[in-house]
Amino acid sequence: MGTGIPLGRWFGVRVSANWSVLVTLLLFTYMLADSVFPVVHAGSSKAAYWIAAIATSVVFFVTLLAHELAHAVAAKHYGMPVRSITLWLMGGMTDLAEEPPTPRADAVIAAVGPLTSLALGGVGIGLAAAVGSGLTGASLAWLGSVNVILAVFNLLPGAPLDGGRLLRAVLWMHYRDHARAAAAAARTGRGLGIALCVLGWFEFLYGGIAGLWLVLLGWFIMSAATVEQRTSRSEKIRGVTAGHAMTPLSFAAPDWWTVAQLLGGMPAAAFTEPVIALVDWDGQAHDLVTLRQLETVPAEQRADIRLREVAARVRARPLLVGVDADVAEIAPQLVFYRGVALVRDDGRPVGVITGVEIARAEHLAELGRQPVG
Ligand SMILES: [Zn+2]
């Protein structure tokens, strides 16, 4: 979701707003001033409509914040650190530093948000009835109904929406497996996002411009659910060590060897391994080359070019990890290290981890087995 406009600290939690909130607020203000208030309460001045619209939008923003703060307060109640709150298109994201300790805590933290919106909705509608049919009444009625809609929307069962978190809590209780429940809730979230996109597109084709807003909303949910999916996947392999997940390397080449020396001196078995680790004078692994990289060296230069020069032609270095490193920590980092980690024992190269090894560890975890190295 990126970073947004900082809004200071509330109850010790850093709050910021995504740019999409500003767009939503401007849109709502325009809608209220231009079409809602003049219809509901005819006869007031244009200025009165705009003042009421701006005030209503600001209060709406505060109710959004109240929804998110309810999540944050509940999380703190369960002893969970809350990193930040980011308000976005249709609500917010409360960034919790850890996963909830129990399914019950997960459910409560998820439920208090929509319950707050529902309660505020009830208060708004109640006050509107008490105040009567003036502009204030119209504003309160609008705020009340939008908060009810917000509560219902957030209860749609797909992560990252609150309904998705509730689904996760229920599945967690059922499977007794948090990672599996989180993966299922994220999958449902992606499905939900796609459905909203399609629905919005149809509305746009047959109805009007409002459909595009639904497409945007669906896209937001889809991308957030994809992030959740990735996180839940690497959570599944938490505890698996690099030494167990890696493909072992039987051979390492001295980095001062030329390409020709390697092709002549490398044991046949090593050619079936995914990479060739390079070691320095002390036998310490620091880089690697692949057959594909070697192929780029013209035949007439192979006797002159050293392996470390071939390795240096790729700007990104491999990630260097120890045999005891956790694969769940390695997986999300690979993308910054040309997709490969060199596993070392005391500095000596012993294996390699790429997307293939990560996928293997994930499949084994899914099957209830630990990789055996
Ligand atoms: Zn919420």
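Only heavy atoms go into these numbers, but all of them, side chains included; no hydrogens, no water, no symmetry mates. Counting starts at 1 for both ligands and their atoms, in listed order.
- In terms of distance to the Zn ion (ligand 1), the nearest N, O or S atom of His67 is named NE2.
- In this structure, the side chains of Phe61 and Leu7 come closer than 4.5 Å at one or more pairs of heavy atoms.
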Sequence neighbours excluded and cut-off under 3.5 Å, please list the side-chain donor-acceptor pairs for residues 49-56, or say none.
from: Tyr49; atom 1: OH; to: His41; atom 2: O; distance (Å): 2.7
from: Tyr49; atom 1: OH; to: Gly43; atom 2: N; distance (Å): 3.4
from: Tyr49; atom 1: OH; to: Ser44; atom 2: N; distance (Å): 3.3
from: Thr56; atom 1: OG1; to: Ala52; atom 2: O; distance (Å): 2.5
from: Thr56; atom 1: OG1; to: Ser139; atom 2: OG; distance (Å): 2.8

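- In the displayed structure, Trp10 atom CH2 is contacted under 6.0 Å by at most 12 heavy atoms of other residues, nucleotides or ligands.
- Contacts of Val297 classified as side-chain contact (heavy atoms from CB on, under 4.5 Å), with partners at least two apart in sequence or in another chain: Val259, Gln301, Arg302, Ile305, Val310, Arg313.
- Closest approach between the Zn ion (ligand 1) and any N/O/S atom of Asp162 involves OD2.
- Distance check for Glu68 against the Zn ion (ligand 1): none of its N/O/S atoms falls below 2.8 Å.
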